[in-house]
Amino acid sequence: HTHTHTTHPHTHTTLPTTAAAAAMDEIQRCVDAICNESSSDACMELCQMLARGETVQLHDGRVLDTKQLFVEAIRCNGNRCKPFNNLGMELGAGETVELSDGRELDQKQLFVEA
């Protein structure tokens, strides 16, 4: 009786810490909710998890930063004031953002919408 043993090259990967893995799971849950339910709440949750300048890729291939996620939250539910307010807080002086309905708003206009 002969045993054949195939060796596989081993790659060393750094496993994420438990907290980092849990955060990644939570981010993925929010991404799934955005993609599957067009959930304004999921967009807002995800914005809170991302650091400034950090992005997340949705299942449809779009790569969004926090500003774009707030725009997505407004698209999902334009009747809530928090996404408008939070997006306004993200904008710098003189900066504008285009909403999914085509309007281009500055910080003051976003606060008025809120």
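- By the 4.0 Å N-to-carboxylate-O rule, Arg103 lies close enough to Asp101 to be salt-bridged with it.
- Of all heavy-atom pairs spanning Gln109 and Glu104, the tightest one is OE1-O, 3.8 Å.
- Hydrophobic clustering of Ile, Leu, Val, Met, Phe, Trp and Tyr side chains at less than 4.5 Å, counting indirect connections, keeps Phe111 apart from Leu91.
- Considering Asp106, Val71, Ile74 in turn, Val71 is the only one that fulfils the side chain to side chain contact (heavy atoms under 4.5 Å, CB included) rule with Val97.
- Taking CD of Gln68 as the reference point, atom CZ of Arg62 lies at 9.0 Å (rounded to 0.5 Å).
- For the pair Ala114 and Cys81, the tightest heavy-atom approach, listed with the atom from each and the gap, is O-CB, 3.0 Å.
- Residue-environment remark: NZ (Lys82) stays at or below the threshold of 12 foreign heavy atoms within 6.0 Å.
- We find the CD-CG distance between Glu90 and Asn85 to be 11.0 Å, quoted to the nearest 0.5 Å.
- Rounded to the nearest 0.5 Å, atoms CD (Glu54) and OG1 (Thr66) are 9.5 Å apart.
- Between atom CD of residue Gln48 and atom CG of residue Leu69 there is a gap of 11.5 Å, rounded to the nearest 0.5 Å.
- Atom CG in Leu87 sits 8.5 Å away from atom CG in Leu105 (nearest 0.5 Å).
- Nearest heavy atom pair, residue Gln107 against residue Met89, reads NE2-CA, 4.4 Å.
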